[in-house]
Amino acid sequence: MSAATLHRLSFYRLWAIVRKEFIQMRRDRVTFAMMVGIPLMQLMLFGFAINSDPKHLPTAILAADQGPFARTLVAALRHSDYFALTQEPATEAEAARLLQLGDVQFVINLPADFSRKLLRGEQPTVLIEADATDPAATGPAISAVRAIADTVLNRDLTGPLARLRAHAGPIDFQIHAHYNPENITQYNVVPGLMGVVLTMTMVVITALAITRERERGTMENLLATPVRPVEVMVGKILPYIAVGYIQVTLILLAARLIFGVPMIGNLALLYSVSLIFIAANLAMGITFSTLAQNQLQAVQMAFFFFLPSILISGFMFPFRGMPQWAQWVGTCLPNTHFLRIVRGILLKGNGLAEIAPEIWPLLLFLAVAMTVGVKRYRQTLD
Amino acid sequence: MSPTDLAIDVTGVTKKFAGKTVVDAIDLSVRRGEIYGFLGPNGSGKTTFIRMLCGLLTPDAGQGTCLGYDVLTQQAEIKRHVGYMTQRFSYYEDLSIRENLDFIARIYDVPDRADAVQHSLERLGLQNRSAQLAGQLSGGWKQRLALAACLIHNPQLLLLDEPTAGVDPKARREFWDEIHQLAARGLTVLITTHYMDEAERCHRLAYLAYGKLLARGTLAEVLAGAKLNTWSVTGPGLLELAAGLRGRPGVEQVVAFGNTLHVSGRDAAKLEAAINVVRNPRHEWTRVRSGLEDVFISLMDEAKDNFA
Ligand SMILES: Nc1ncnc2c1ncn2[C@@H]1O[C@H](COP(=O)(O)OP(=O)(O)O)[C@@H](O)[C@H]1O
Ligand SMILES: [Mg+2]
């Protein structure tokens, strides 16, 4: 037996671990019931949404009119807390793309005849296209826009123009809510739950996987056999991927049948990307279990990971409504990216190209968590 | 003796935990096919030493080979050819006997796995219980399962850490018969125990205390090496006699065995002088061979004076 053969990953040993984990999972009925029960319970709990008042939402402006009134309005929007005018796309197609990619929350369309119509008292139409996937994020901003327009234009409409104020409003704002036109919060929350449930259960279950072996003394035996760290890790991850998929399916079924969430995009794509996310969380749990001294510590670590994953990932509060530091931390969490992917696919019909920017952070997270886990897993009892 | 005749050949093996030396420069050679007994009080470093042999712990100092593989660098090879039975039962309690054996057989990639598992169930008389969960087994059956599991990959060396603790005498007898059969087929066995009768069934012995090897050799060599003198006394009022003897210079151990008392000490002259003080015609005194237990206790007391 050469050293090379010894050091190669063995599929026999990997399969031995996978089989063992499956048998143990089958015997542990309580845990298995929890895996199914937790998603259902959370679906019920989060059927109601939490609102907030996010500000500085990225906005693209398509100004066909550069007249003084148009500039006043744009300046007022810029100074309002709600809109951050980040993009000035040249064409409508470009603007639409920004919206679909999630680069902007709003596209504001000032028509070429804006100033002319305003002066004639004809109520020019300003079209606001909103990414309403998350109604909590767009609602307050949209209500604000009317008030802003009224105040600033009334300041400009003086002298002979003062008569124009008499109208209910000088401008006719047309709001076009994309992706979730009725602003139904469940459409946002229920797909978001997928990431939350997976984060909660997948991290905990693997966080326990290795600490349990250590506490029960079976680790000593495992270490005395030729089984390699990577075989133990992967062998413990694979069976739980199946559990993760059961959860994904349960949530999708509930989303469709109970909450009537639209599913515009490709479900096969969603299932494929879920694999990366599930594996990333399992790897995180494994890493925790190599750090924890006992099962209690492992659960505590998993909980500390779960809290930000639910609070600052964009699930509980609109991501753009959070302070900058929270957004930075949130960007490091896999759930943040997965939420965008799930909402993008289900509500916006995003394809691979649109979600690609969210996939690579997931892959990066998986690679890092797995490497740390394998490095931290001790081959000896030292 | 050529090195290949030695299953274990290590020198100066040392292990420290948090500055405390738990195993202190131990040299040990075990011949192939030998049953080697490892004795010593709790906490003397037996488990730690065994863990270093099979690659579970890295020695802080020392070197040597186990089955011809370097204990410092070839731990992966050692693991393939060693069967290690841990002090604490360490198979999966939520798996059945057969599932546990099957798991271990898969991990070692045993050829003809199904046959190997079946054969090992039969040889250890476990076939009727093969579907029972390991967690539901009594101590004796758990021990059989553990032995079956650490034999399934046909190891050349068995490291057994207190395998018979908490096992009834009949099961212990059967266990030792099995060990002797295995050794007769060429398997080397290193076994730790607290039982003196088991120590006497080993080909050679080593005695460990405070991490140091205090004695080693065959039973006769260990007994002779200790230079302990023991007297046996029978008669009335042994309790008072014992009280009178304890603490006298030269008297190191006074142990009651039913109707006799064993009195031992390393210095024969001092011991005899002490006995002469309490000697009276009602008691019958005879010199006897020191028992292994007397020798070990004497070694430990001596070690305590020197190291502790
Ligand atoms: N992993 C460890 N960390 C710190 N101390 C240890 C560790 N393992 C064993 N010890 C200590 O080393 C000493 C020897 O233990 P051990 O080898 O288990 O003795 P034995 O098996 O002879 O009873 C004990 O004092 C024990 O507390
Ligand atoms: Mg021990």
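Order of the sequence lines sets the chain letters (A, B, ...), proteins ahead of strands, with each chain counted from 1.
- From A:L223, atom CG reaches atom CD of B:Q75 across 11.0 Å, with rounding to the nearest 0.5 Å.
- B:E99 and A:R19 are not joined by a salt bridge, as no carboxylate oxygen comes within less than 4.0 angstrom of a charged side-chain nitrogen.
- Residues of residues 209-217 of chain A placed with any heavy atom under 4.5 Å of a heavy atom in chain B are listed by number as A:E213, A:E215, A:R216, A:G217.
- At least one side-chain heavy atom of B:Y92 sits under 4.5 Å from a side-chain heavy atom of A:L222.
- Here the straight-line distance linking atom NZ of A:K20 with atom CG of B:D94 works out to 8.0 Å at 0.5 Å rounding.
- To the nearest 0.5 Å, the span separating OH on B:Y84 from CD on A:E220 amounts to 3.5 Å.
- Counting heavy atoms from C-beta outward, A:P226 and B:I107 have side chains that approach closer than 4.5 Å.
- Of the two parts of B:L133, only the side chain, counted from C-beta on, holds a non-hydrogen atom closer than 4.5 Å to a non-hydrogen atom of chain A.
- The distance from the CG atom of A:N221 to the SG atom of B:C150 is 8.5 Å, given to the nearest 0.5 Å.
- Comparing B:L159, B:N100, B:L95 by how many heavy-atom pairs each has under 4.5 Å with chain A, the most go to B:L95.
- No donor-acceptor pair closer than 3.5 Å links the side chain of B:K79 to the backbone N or O of A:V227.
- Other residues, nucleotides and ligands place no more than 12 heavy atoms under 6.0 Å from the CZ atom of A:F11.
- Counting non-hydrogen atoms of other residues, nucleotides and ligands closer than 6.0 Å to OH of A:Y271 gives a total above 12.
- Taking a 6.0 Å sphere around CZ of A:F306, one finds it holds more than 12 heavy atoms contributed by other residues, nucleotides or ligands.
- Rounding to the nearest 0.5 Å gives a distance of 8.0 Å between OG1 of A:T218 and CZ of B:R88.
- Across all their heavy atoms, A:R27 and B:S96 have their closest contact at NH1-N, 3.9 Å.
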